[in-house]
Amino acid sequence: MSWAVVLGLLAALLLLLLLTRRRTRRPGEPPLDLGSIPWLGHALEFGKDAAGFLTRMKEKHGDIFTVLVGGRHITVLLDPHSYDAVVWEPRSRLDFHAYAVFLMERIFDVQLPHYNPGDEKSKMKPTLLHKELQALTDAMYTNLRTVLLGDTMEAGSGWHEMGLLEFSYSFLLRAGYLTQYGVEAPPHTQESQAQDRIHSADVFHTFRQLDLLLPKLARGSLSAGDKDQAGKVKGRLWKLLSPARLATRAHRSKWLESYLLHLEEMGVSEELQARALVLQLWATQGNMGPAAFWLLLFLLKNPEALAAVRGELETVLLGAEQPISQMTTLPQKVLDSMPVLDSVLSESLRLTAAPFITREVVADLALPMADGREFSLRRGDRLLLFPFLSPQKDPEIYTDPEIFKYNRFLNPDGSEKKDFYKDGKRLKNYSLPWGAGHNQCLGKGYAINSIKQFVFLVLMQFDLELTTPDVDIPEFDLSRK
Ligand code: HEM
């Protein structure tokens with residue numbers, strides 16, 4: 001190595017050390033852990049196994065601490081009794097959208113002019129609730145039947161073999177896409193439904209190629225080959241979801257109509273609209289399939305749970321006015337009377353839903369903890385809640401927290417169990433797969449209805465078996481988060 005290179009490296013190292021003047025903990029702030037690598041801090045451990053790293057930090061520092069991760073100071077809060085203070089804090093102090101906007105640009109190349117998340121949210125919210133929720137639920141049932149029953153009928157009778165994740169993800173995403181982005185032509189004819197199946201399968205397979213690259217895209221760690229692939233797949237999706245193509249679709253949801261209008265009002269070009277529509281496909285359809293996969297897997301691994309759910313769904317069928325082959329909807333009243341399936345869904349989300357609930361600290365503020373302590377947070381830092389560790393995997397709240405218990409969220413009388421305790425105090429936030437507070441998931445009702453309809457159709461219309469029933473349940477993939 002030449003002297004020039006050695007000197008260059010030394011200069012770069014010196015610059016790095018100067019740039020990363022070590023922060024010190026001020027009175028009133030949470031414990032500070034900067035790790036041993038300047039600027040990077042704990043980035044490597046955090047990126048490799050966030051749950052394991054945060055568990056170790058919790059053992060070392062308690063339920064609130066600040067860590068350095070890739071140049072950012074992140075305060076991690078793991079006391080579920082104190083989560084409300086964060087999720088209900090006004091946006092002017094703790095902001096949800098800054099990080100979402102960053103991901104939007106980095107992953108989906110979407111930079112909207114005059115973007116106002118509050119305005120967008122107030123326009124989109126009514127399209128996912130109340131009357132519109134019923135319309136979405138009904139359309140979803142029709143579209144689930146189109147793709148699920150149509151595909152299997154085309155494949156002929158007898159057993160078919162397919163990966164369970166592919167099965168759950170593809171059918172839910174395809175039906176969800178048809179529900180929100182519209183179908184081929186009204187009325188539903190056999191030809192138009194066959195077209196819907198082909199087109200939605202194309203959308204799913206293209207989307208899935210991008211989906212598999214998302215963790216690397218979010219971290220900015222794509223190889224040259226990956227970048228090439230991501231560029232091609234995005235280009236194809238932008239074409240599939242271009243406003244011109246969508247203009248020809250029928251039964252488009254209120255959600256799509258409002259979103260397109262909102263983009264037009266902002267003066268967004270057609271090209272950028274297509275990008276935003278791909279982003280929305282991921283935001284609205286990216287979680288339902290994986291959630292349904294875990295639910296079905298836990299059921300297939302737990303015969304007692306499967307029998308209990310089947311029993312409940314058969315009772316629903318007995319009470320229905322028509323046989324299942326003629327049922328065109330599953331009304332909300334019926335969907336709301338499935339406590340065993342509700343408990344199974346809550347339990348599988350408890351074990352697998354691991355969103356990082358992240359907020360930017362917009363102003364210096366004092367964070368009150370439920371036990372009376374108070375901590376100062378600095379403007380410019382990030383605040384992170386990780387409910388997956390606590391409450392969801394906390395042994396004080398859930399006995400044998402790693403084990404799937406289908407009736408964990410059921411009382412002995414069959415009603416929903418809502419009382420869970422930590423430190424002798426009842427918890428308000430005992431599981432947070434949908435987030436909580438101001439930014440709780442807007443699609444929660446639609447997602448729950450869709451997953452339940454999917455499970456209903458799968459269990460009542462098919463025989464489902466694992467080809468290798470003795471293989472262990474796979475590790476949960478936290479890199480998707
Ligand atoms: C199993 C499926 C789903 C899960 C587990 C899920 C989870 C979440 C979580 C955890 C958040 C809150 C993030 C935070 O507070 O930091 C969130 C927000 C959101 N979700 Fe979902 N979601 C699902 C499906 C859907 C669907 C189907 C839609 C729409 C059709 C949707 C629309 C939204 C929107 C718009 C927000 C942002 C709310 C805001 O801006 O305040 N989600 N979701």
Side-chain angles (χ1 to χ4, degrees), residues 77 83-84 86-91 94-104 115-129 132-133 135-137 139-140 143-144 168-169 172-181 252-259 262 276-277 279-296 342 344-360 382-388 392 429 431-455 476 480-481:
L77 174 65
Y83 285 173
D84 256 14
V86 173
V87 294
W88 289 109
E89 190 70 30
R91 222 193 118 199
L94 289 177
D95 181 24
F96 162 76
H97 290 105
Y99 188 59
V101 167
F102 162 76
L103 286 181
M104 224 158 109
Y115 178 56
N116 176 343
D119 179 35
E120 179 173 304
K121 186 171 166 180
S122 64
K123 285 182 176 147
M124 304 315 294
K125 197 171 168 178
T127 70
L128 294 166
L129 304 173
E132 298 312 330
L133 171 61
L136 284 172
T137 303
M140 187 70 180
N143 291 316
L144 274 170
S168 316
Y169 208 171
L172 266 164
L173 188 135
R174 288 167 64 195
Y177 164 74
L178 294 170
T179 300
Q180 293 197 262
Y181 291 74
R252 304 193 318 176
S253 64
K254 273 271 163 35
W255 171 87
L256 181 72
E257 301 289 357
S258 303
Y259 189 59
H262 169 63
L277 289 162
L279 156 75
Q280 291 296 344
L281 182 71
W282 169 76
T284 61
Q285 307 300 322
N287 283 321
M288 286 197 288
F293 156 75
W294 283 109
L295 190 158
L296 285 181
D342 283 329
V344 166
L345 177 60
S346 300
E347 178 66 340
S348 59
L349 287 173
R350 178 188 74 79
L351 282 164
T352 60
F356 287 141
I357 302 210
T358 321
R359 302 289 182 263
E360 295 294 321
R382 188 174 287 163
L383 183 60
L384 174 81
L385 316 184
F386 194 42
F388 182 66
Q392 288 162 222
N429 298 306
S431 188
L432 288 97
W434 314 98
H438 293 302
N439 300 103
Q440 196 192 43
C441 179
L442 282 183
K444 177 180 170 186
Y446 168 52
I448 292 179
N449 285 353
S450 301
I451 293 171
K452 287 167 79 172
Q453 288 177 321
F454 174 68
V455 173
F476 179 59
R480 278 181 57 86
K481 297 292 143 188

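Whatever order the structure lists them in is the order used to number ligands and atoms, beginning at 1. Computed from a predicted structure; not experimentally measured.
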Do Tyr83 and Trp88 have ring centroids that are under 6.0 Å from one another?
-> no
Here the side chain to side chain donor-acceptor pair (under 3.5 Å) pairs for residues 443-452, sequence neighbours left out, are Thr137-Asn449, Gln332-Asn449, Asp342-Lys452
Side chains of Glu120 and Tyr115: closer than 4.5 Å at any heavy-atom pair?
-> yes
Just the distances, no angles: every ligand 1 N or O to protein N or O pair closer than 3.5 Å, one line each.
residue, atom, partner, partner atom, Å
ligand 1, 15 (O), Arg359, NH2, 3.0
ligand 1, 16 (O), Arg359, NH1, 3.0
ligand 1, 41 (O), Lys121, NZ, 2.7
ligand 1, 41 (O), Asn439, ND2, 2.7

Partners passing side-chain contact (heavy atoms from CB on, under 4.5 Å) against Ser348 (at least two apart in sequence or in another chain) | Leu295, Phe298, Phe404
Report the residues that fulfil salt bridge (charged side-chain N to carboxylate O under 4.0 Å, His left out) with Glu360, sequence neighbours left out, ordered by chain and then residue number.
-> Arg72, Arg382
Nearest non-hydrogen partners of Lys123 and Thr127, listed with the distance | O-CG2, 3.9 Å
